[in-house]
**Q** 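Below is a structure I'd like to ask you about.
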Amino acid sequence: MSNSERTTEAKATSEKLVELAKRRGYFFQSSGAYGGVGGFYTFGPQGAALKSNVEDTWRDRFALAEGNMEIDAPTIMPEPVFEASGHLDGFDDMLIECPECGTSSRADHLVEDNTEYEDAESLPIPEVESVIAEYELVCPECGAGLADVAVENFNLMFDTNIGPGDAQPGYLRPETAQGIFVEFPRLKEYARNQLPFGVTQIGRAYRNEISPRRSIIRTREFTQAELEHFIDPDEDEPDLESVEDVTVTLYPAYEQQAEDGTPIKTTIGEAVADGIIANEWVAYFLGISKPWYDAIGVDMDRFRFRQHLAGERAHYAADCWDAEGEIDGNWIELAGFAYRGDYDLSKHADHSGDRFTVFKQYDEPKTVERATVDPDMSYLGPEFGGDAQRVVSELERLAERDRSLFTGETIELAIDDETHEIPVDKTGFAVEEQTEAGEHVTPHVVEPSFGVDRLVYTVLHHAYSEDEVDGEERTYLQLDPEVAPTVVGVFPLQTDDALEAEATAIASELRAAGLSVTYDDSGNIGRRYRRQDEVGTPFCVTVDYETIEADERTVTVRERDSTEQKRLPIDELPETLSALRAGAVTFAEL
Ligand code: ATP
């Protein structure tokens, strides 16, 4: 079955969900008054609350519980950052434009949706062009043939100018990670120069996607939650023992390539022992992520970790896995886990001239041979003006890295893409014996990178349920109480001053206890329950005449999923509902 057949077959849930999301205030396309704009979505009151609850649980797990630091960096950064990171040259998707109607499509998606190819992104452009010709693929909008149309690379970054004029180009960050990497020289100070340490950031990222689709799954502005974990590759090891028994569904590269390959169920410990997950740090983060996804309501029967195929992986990344959730028969990427080596920090060191290293103290001082430079500033000053200091840094770096470069008459170095030749006798190059207390090491980086919007969509999709109650069809969202935007609905049974006064007082008390409460007195009680079911509110409290007349002040508490009702004393409501929200007790146990 091709991807498009699968999509058609199970379209119903997504369509119904998107409709519910709009009706109940989860999410909707932005700027509707002006016709809407592709790839931009607004989270409504329910969606914003759900998203922020998901972010809070992420922060608890990946920042607080791990002892990591969280930062909040700007979303616009200057061009040199993206020259260094490689985004300016290589952050491209494959674009194909319909010659008839001008619709832009992602060529790899066109191939994946209409052929048996599952990972067209990793194919070279000429191969994608031949597949399009071979399968006689057509424009999804007007049906015109695309067989002879060229596929081009399209850079996904949004550009802008910083300040008036165009002297300082800037870009909206395509990932939050660069905001962490560029601040490493300062962040390491906050970590007291001790590895390992982790820095997290939850924030917006921008990608000018060629064809945004599937509502908030692929947008042009979205939220990422990223962790950059900096380690000493020679010394630091993850606490694998703490996750070795976590069971996971893995879809390793060799299974994807085998004819009848299937995902396998195993534990993190076994997957590492069997060499399926090559990198222990990546294994550790998969191990802490799975229970977190489970806890916030991703259906574990529709969740797996898929290893990148060799062609998908960046050349510097040793091992990469994606967390994937199943939506309408398709697997979508929820997060990426990569061991990135020293790529990012080395690139920023090379381009900025700053120190992206940590000083590692030896147990005993060592005597070593060290290549040094002591450049002749009376030569460099007039020759390079304001760039002289950058030349010095570059010479220092080259001397450290490859002393053989200093054996000829001149040495070549590049500053801002311009190559300069400097006479070696002006560099003051020397090799000396030095006693050293330690060395500067460039940390390696392990990066778990989560997409928040896709996760919110998956949580909603997996929570979407239909059943029949009292002969009537019901739609409800089985959201986990910990992330549900509203925890309790409070209703007076009917229009009556006394009932309304009591219900309002209960709502205030529950709000004071830190619960998110909605008060609703419109329509019959059945309709009010259905409304909260659709929003995914796990509990509803109804104030009736027994509440205000009987000596024992009780209310009816109804659970969303079972629709079961119990009478509970008003006094105990804040504590009981808080415990239900935290999962400390179940409704059945009350
Ligand atoms: P894709 O292949 O789907 O375009 P990616 O591999 O480029 O995604 P990463 O760069 O690894 O994505 O970004 C990390 C996470 O950010 C992804 O796992 C995803 O959850 C989220 N993400 C990436 N692009 C988008 C987008 N356009 N809209 C919503 N979320 C996104």
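Counting convention: from 1, in listed order, for ligands and their atoms alike. A quick note: this is a predicted structure, and the numbers were derived from the prediction, not measured. In this chain, residues are counted from 1 in sequence order.
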**Q** For I96, run the side chain to side chain contact (heavy atoms under 4.5 Å, CB included) check against L146, V111, T103 and tell me which one passes.
**A**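 With I96 as partner, side chain to side chain contact (heavy atoms under 4.5 Å, CB included) holds for just one option, L146.
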**Q** Considering only non-hydrogen protein atoms, determine which one is nearest to atom 21 (C) of ligand 1 and report residue, atom name and distance to 0.1 Å.
**A**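 Residue, atom and distance for the closest contact: G451 CA, 3.6 Å.
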**Q** Under 4.0 Å from a heavy atom of A335: give me the atoms of ligand 1 that qualify, with their elements.
**A**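 It comes down to these atoms of ligand 1: 18 (O).
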**Q** Can you report which non-hydrogen protein atom sits closest to atom 29 (C) of ligand 1, along with the distance?
**A** I217 O, 3.3 Å
**Q** Look at the rings of W58 and F62 and say which category their plane angle falls in: under 30° parallel, 30 to 60° tilted, over 60° perpendicular.
**A**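 W58 vs F62 ring planes: parallel.
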**Q** Could you check which of Y457, F222, F450, F337 puts a non-hydrogen atom nearest to atom 26 (C) of ligand 1?
**A**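 Nearest heavy atom to atom 26 (C) of ligand 1 lies in F222.
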**Q** Just to be sure I'm reading this right: ignoring hydrogens, which of L334, V452, D453 gets closest to atom 20 (O) of ligand 1? Compare them by their nearest heavy atoms.
**A** L334
**Q** Answer yes or no: is there an ion pair linking E482 with R581, defined by an N-O contact shorter than 4.0 Å?
**A**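 Not counted as a salt bridge, because no side-chain N and carboxylate O are separated by less than 4.0 Å.
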**Q** Just say parallel, tilted or perpendicular for the rings of F197 and F184, cut-offs at 30° and 60°.
**A**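 Rings of F197 and F184: parallel, as their planes differ by under 30°.
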**Q** Identify which one of E326, E324, E255 satisfies the salt bridge (charged side-chain N to carboxylate O under 4.0 Å, His left out) criterion when paired with R304.
**A**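 The salt bridge (charged side-chain N to carboxylate O under 4.0 Å, His left out) with R304 is passed solely by E324 among E326, E324, E255.
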**Q** Kindly indicate whether a cation-pi arrangement holds for K22 with F28, taking the cut-offs as under 6.0 Å to the six-membered ring centre and within 45° of the axis.
**A**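 No, cation not above the ring by the 6.0 Å, 45° rule.
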**Q** Answer side chain, backbone, both or neither: which part of R218 comes under 4.0 Å from ligand 1, heavy atoms only.
**A** both
**Q** Look at atom 13 (O) of ligand 1 and find which of R454, Q224, E175 reaches it with the closest heavy atom.
**A**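 Among R454, Q224, E175, the closest heavy atom to atom 13 (O) of ligand 1 comes from Q224.
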**Q** Give the residue and atom name of whichever protein heavy atom lies nearest to atom 28 (N) of ligand 1, and the separation in Å to one decimal.
**A** T219 N, 3.0 Å
**Q** Hey, are the side chains of I180 and L227 touching, using non-hydrogen atoms and a 4.5 Å cut-off?
**A** no
**Q** Could you pull out, from E221, R207, E324, the option with a heavy atom nearest to atom 10 (O) of ligand 1?
**A**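 The nearest heavy atom belongs to R207.
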**Q** What residue and atom, counting heavy atoms only, is the protein's closest point to atom 14 (C) of ligand 1, and at what distance?
**A** S449 OG, 3.1 Å
**Q** Is N155 reaching over with its side chain to a backbone N or O of H87, donor-acceptor style, under 3.5 angstrom?
**A**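 Yes: the side chain of N155 pairs with the backbone of H87.
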**Q** Please work out, at 4.0 Å between heavy atoms, whether the side chain, the backbone, both, or neither of D322 comes within that distance of ligand 1.
**A** neither
**Q** Heavy atom to atom 6 (O) of ligand 1, shortest distance: which of H308, E226, E333, R220 holds it?
**A** E333
